[in-house]
Amino acid sequence: GDSVTQMEGPVTLSEEAFLTINCTYTATGYPSLFWYVQYPGEGLQLLLKATKADDKGSNKGFEATYRKETTSFHLEKGSVQVSDSAVYFCALRFSGGYNKLIFGAGTRLAVHP
Amino acid sequence: GAVVSQHPSRVICKSGTSVKIECRSLDFQATTMFWYRQFPKQSLMLMATSNEGSKATYEQGVEKDKFLINHASLTLSTLTVTSAHPEDSSFYICSAIFSSGGWDTQYFGPGTRLTVL
């Protein structure tokens with residue numbers, strides 16, 4: 001079945017470091033891909049999305065490119081801040097899936113000053 | 001953006017009692033809402049799809065008689081955990097579909113932490 005695999009955390013970085021969180025997926029069709037962020041004690045917020053191959057989603061300095069050939073959607077940010085500390089979830093939504101989201105396990109990011 | 005609220009944010013109950021959790025879309029109408037369960041340091045697991053005016057669709061392995069879902073209006077879905085037991089302790093999160101410009105986006109509530117003693 002459809003699934004999402006994320007790199008295990010926690011990821012610990014110093015402020016202004018470069019961030020990459022890997023995400024790969026398995027799907028039988030052509031899903032839309034998402035990154036959600038969960039700050040401590042809060043619900044999930046949509047960070048960015050891409051709906052087709054080669055699309056690049058971006059928001060708040062974060063970027064991810066939909067790579068069909070490698071079935072990947074890695075999250076990147078050039079310079080992280082302490083306020084970026086959160087749990088990041090990669091997810092896919094299958095085009096015929098009635099809006100159902102399949103989430104990866106989540107990757108905890110801790111940014112230190 | 002669209003806002004989804006949940007109530008209560010935290011609840012502690014005794015084993016054997018029932019607990020109701022509300023999910024509301026505050027500034028939009030949602031014909032479809034979802035209920036998820038999140039265990040500590042784990043991902044969200046979809047429990048069921050709640051459709052306004054019809055029966056909920058449960059994911060495989062989720063007991064529909066234990067987790068009762070009612071989507072009585074376009075802005076409210078409720079999840080009732082019946083005869084709760086300690087193993088039901090978890091973080092329950094709802095989401096609602098907001099449709100705009102031909103695109104559907106899921107907006108998530110802040111979650112409800114249930115502790116069953």
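Remember, predicted model here, so these are calculated numbers, not experimental data. Proteins come first, then strands; the chains are lettered A, B, ... in the order of their sequence lines, and each starts at number 1.
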(message) With chain B as the partner, which of Ala105(A), Ala91(A), Gly9(A), Gly104(A) has the greatest number of non-hydrogen pairs under 4.5 Å?
(response) Ala105(A)
(request) Please state whether the rings of Tyr92(B) and Phe67(B) are parallel, tilted or perpendicular, taking 30° and 60° as the class boundaries. (result) tilted
(request) Identify which of Pro110(B), Ser95(B), Gly109(B) forms the greatest number of heavy-atom pairs closer than 4.5 Å to chain A. (result) Pro110(B)
(message) Looking only at heavy atoms and a cut-off of under 4.5 Å, which of Arg113(B), Gln38(B), Gln6(B) has the most pairs with chain A?
(response)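 Result: the option with the highest number of such pairs is Gln38(B).
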(message) Could you go through Ser15(B) and His85(B), starting from their C-alpha distance and side-chain angles, then the distance that decides it, and tell me whether this counts as side chain to side chain donor-acceptor pair (under 3.5 Å)?
(response) CA-CA 5 Å; Ser15(B) 186; His85(B) 291 284; 3.3 Å; yes
(request) Please flag which part of Leu44(B) lies under 4.5 Å from any non-hydrogen atom of chain A: side chain, backbone, both or neither. (result) both
(message) Would the distance check show the side chain of Tyr66(A) and the main-chain N or O of Pro31(A) forming a donor-acceptor pair, the cut-off being under 3.5 Å?
(response) yes
(message) Checking the side chain of Thr75(B) only, and the main-chain atoms of Ser25(B) only, is there a donor and an acceptor separated by less than 3.5 Å?
(response)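 Answer holds: no.
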(request) Could you tell me the separation between the OH atom of Tyr107(B) and the OG1 atom of Thr105(B), rounded to the nearest 0.5 Å? (result)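 So the OH of Tyr107(B) and the OG1 of Thr105(B) are separated by 5.0 Å.
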(message) Asn70(B) vs Thr78(B), test: side chain to side chain donor-acceptor pair (under 3.5 Å). Steps then yes/no.
(response) CA-CA 5 Å; Asn70(B) 186 300; Thr78(B) 60; 4.8 Å; no
In terms of heavy-atom proximity below 4.5 Å to chain B, should [X] be classed as side chain, backbone, both, or neither?
X: Phe103(A); answer: both
X: Leu44(A); answer: both
X: Gln38(A); answer: side chain

